[in-house]
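Written below as structure tokens is the structure these notes are about.
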Amino acid sequence: MTVTDCIPAKEKLIVFDTTLRDGEQSPGVTLSPDDKIQIARSLSKLGVDVLEAGFPVASPGDFSAVQRIAREVGPLMEGREKVGKPMIIAGLARAVEKDIQTAYDAVKDAPLKRIHVFLATSDIHLQHKLKITREQCVAQAVRCVKFGRSLCDDIEFSPEDAGRSDPEFLCEVLSAVIEAGAGTLNIPDTVGYNTPAEYGSRLAHLIKHTKGSEKAIWSTHCHDDLGLATANTLAGVANGARQVEVTINGIGERAGNTAMEEVVMNIHTHPATYPVYHTINTVHFARVSQMVADLSGMAVQANKAIVGKNAFLHESGIHQDGVLKNKETYEIIRPEEVGVMTDNLFLGKHSGRNAFRSRLAQLGFDQVESSQLQAAFEAFKRLADQKHQVTDSDLVAIITDSVSSG
Ligand code: KIV
Ligand code: ZN
């Protein structure tokens with residue numbers, strides 16, 4: 001036996017994007033059909049494996065957007081060399097025959113298609129929202145998954161509010177839907193309630209105790225109400241999930257869904273920690289993030305991980321000095337890896353002489369005498385005290401002034 005025989009082979013992580021479905025459920029966001037096609041094309045080039053294009057029964061507009069995506073984007077292969085196949089186009093459906101038929105009609109022209117059926121399983125949803133018993137819930141789930149399978153080979157089932165459902169009841173429902181033909185089992189923490197330890201052990205428990213579990217792909221779907229969506233998703237992956245449901249920039253209901261760029265870059269940065277690899281073209285992240293922000297009207301906060309405008313900027317003198325000597329002193333990801341082309345030194349009141357001199361050199365002032373440089377640096381600090389960011393034109397004015405008066 002060799003050493004490599006002992007290292008478990010990594011499995012591929014399936015990235016399921018729901019920007020156009022759960023993401024569009026962000027309050028105030030409505031994307032036009034053309035916006036959706038544009039985003040879907042970019043997600044295809046990004047290397048997304050499954051695209052949830054919408055909730056076809058919700059409105060005629062949603063139906064036709066999903067249908068257009070299935071026909072126009074579903075077959076595309078451009079930029080998908082690492083993935084090796086087109087995107088699977090999924091349509092969401094409640095566990096109701098009419099929804100399932102409508103979802104199928106919307107996705108059926110895609111070369112690869114999926115129906116995603118959901119039904120709540122927590123007692124609070126069963127008693128107060130659906131007003132059905134646990135027995136009725138199992139029967140409805142089985143009937144609908146079977147109906148879905150009569151139309152389409154690829155069925156995903158989600159027990160809505162799984163994060164607050166009784167784990168033993170979840171095992172019962174999930175065993176029954178596997179038997180009925182569901183191939184992917186998604187575990188939604190619908191209200192963002194779980195902690196990472198809870199969500200991870202919930203996944204591990206379900207995978208261990210559900211009958212036929214080994215035949216299914218297990219999936220995470222987390223919401224960010226307590227700011228834990230990314231941590232919970234990664235805990236799911238560490239405990240056996242092989243599909244993650246995510247959105248670009250983490251947009252979605254209330255506080256949003258898990259952000260794709262965060263999960264993928266965690267797996268990218270810690271290859272030894274997670275038992276999976278991804279096939280996402282990370283260099284497109286900055287561009288796709290900007291496109292989704294522009295089209296959805298949901299601005300990205302400046303300090304957002306990976307895609308925020310400050311994510312790769314350094315302001316303090318100590319950090320700038322370190323980065324000028326070796327970027328790895330303060331950067332764990334190279335900005336180019338996520339498509340950020342930046343001069344990453346932000347000149348403000350915390351900046352140091354080294355960053356100041358380096359920026360002046362980039363602007364062509366690399367032969368300035370040290371006394372003039374000192375005068376210019378002092379003028380820069382005085383201005384930085386009054387102004388949040390000192391721009392390149394400010395710098396040119398300062399140095400020109402110092403050189404002419406020195
Ligand atoms: O959060 C949720 O439970 C959902 C399901 C429809 C999968 O979005
Ligand atoms: Zn959701």
Side-chain angles (χ1 to χ4, degrees), residues 14-27 29 50-59 62 66 88-96 99-100 102-103 106-107 114-126 128-130 137 140-141 144-145 148 154-166 169-170 173-174 177 182-194 199 202-203 206 216-230 232-233 236 241 243-260 262-263 296 298:
I14 300 167
V15 175
F16 176 118
D17 179 275
T18 182
T19 305
L20 298 180
R21 199 281 295 170
D22 227 351
E24 210 208 6
Q25 286 177 219
S26 304
V29 169
V50 187
L51 175 73
E52 186 162 61
F55 187 12
V57 87
S59 70
D62 234 41
V66 176
I88 298 175
I89 308 298
L92 183 70
R94 287 169 300 182
V96 175
D99 281 33
I100 295 169
T102 310
V107 297
R114 173 178 297 183
I115 307 174
H116 178 189
V117 180
F118 73 98
L119 180 63
T121 46
S122 65
D123 288 333
I124 186 151
H125 279 236
L126 294 183
H128 299 281
K129 185 180 82 172
L130 300 175
C137 173
Q140 184 173 339
C144 287
V145 168
D154 185 346
I155 301 293
E156 171 169 333
F157 179 79
S158 287
E160 191 192 8
D161 203 18
R164 292 187 301 168
S165 300
D166 169 15
F169 179 56
L170 275 177
V173 179
L174 295 170
V177 295
T184 301
L185 301 179
N186 179 44
I187 307 302
D189 181 18
T190 303
V191 290
Y193 173 74
N194 290 157
Y199 189 75
R202 186 164 283 260
L203 250 296
L206 296 175
I217 305 265
W218 291 81
S219 167
T220 66
H221 181 111
C222 299
H223 280 267
D224 208 29
D225 299 67
L226 292 171
L228 291 173
T230 296
N232 286 353
T233 299
Q243 173 176 288
V244 289
E245 300 202 352
V246 290
T247 62
I248 295 291
N249 299 339
I251 65 170
E253 284 270 356
R254 306 180 310 279
N257 287 57
T258 308
M260 183 199 304
E262 294 177 11
V263 171
S296 68
M298 298 269 296

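Indexing begins at 1, ligand by ligand and atom by atom, following the structure's order. What's counted below: heavy atoms across the whole structure, side chains too, no hydrogens, waters or symmetry copies. Here the structure is a predicted model, which means the values were calculated and not measured.
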Self-check item: Non-neighbouring partners of Ser122 that pass side-chain hydrogen bond (donor to acceptor under 3.5 Å, both in side chains), sequence neighbours left out
Solution: Asp161

Quiz item: Hey, which protein N/O/S atoms does the Zn ion (ligand 2) have under 2.8 Å?
Solution: Asp22 OD2, His221 NE2, His223 NE2

Quiz prompt | Which atom of Asn194 lies closest to which atom of Gly163, heavy atoms considered | solution = ND2-O, 3.0 Å

For ligand 1, what N or O to protein N or O distances fall under 3.5 Å?
{"unit_1": "ligand 1", "atom_1": "1 (O)", "unit_2": "His221", "atom_2": "NE2", "d": "3.2"}
{"unit_1": "ligand 1", "atom_1": "1 (O)", "unit_2": "His223", "atom_2": "NE2", "d": "3.0"}
{"unit_1": "ligand 1", "atom_1": "3 (O)", "unit_2": "Thr190", "atom_2": "OG1", "d": "2.6"}
{"unit_1": "ligand 1", "atom_1": "8 (O)", "unit_2": "Arg21", "atom_2": "NH1", "d": "3.4"}
{"unit_1": "ligand 1", "atom_1": "8 (O)", "unit_2": "Arg21", "atom_2": "NH2", "d": "3.0"}
{"unit_1": "ligand 1", "atom_1": "8 (O)", "unit_2": "Asp22", "atom_2": "OD2", "d": "3.1"}
{"unit_1": "ligand 1", "atom_1": "8 (O)", "unit_2": "His221", "atom_2": "NE2", "d": "3.1"}

Quiz prompt | Main-chain N/O of Ile251 paired to Asn249 side chain as donor or acceptor, under 3.5 Å | solution = no

Practice problem: Check the pair Arg202 / Leu170 against side-chain contact (heavy atoms from CB on, under 4.5 Å), numbers first and verdict last. | Solution: CA-CA 10 Å; Arg202 186 164 283 260; Leu170 275 177; 3.9 Å; yes

Quiz prompt | Lys/Arg N to Asp/Glu carboxylate O, Glu245 vs Arg21, below 4.0 Å | solution = no

Practice problem: Taking Asn186 for its side chain and Ser158 for its backbone only, find out whether a donor-acceptor pair lies under 3.5 Å. | Solution: no

Quiz item: Excluding sequence neighbours, so at least two apart, what forms side chain to side chain contact (heavy atoms under 4.5 Å, CB included) with Ala58?
Solution: Phe55, Asp62

Quiz item: Quick one: are Val107 and Arg114 in side-chain contact, heavy atoms under 4.5 Å?
Solution: no

Quiz item: Do Ile187 and Tyr199 touch side chain to side chain, with heavy atoms closer than 4.5 Å?
Solution: yes

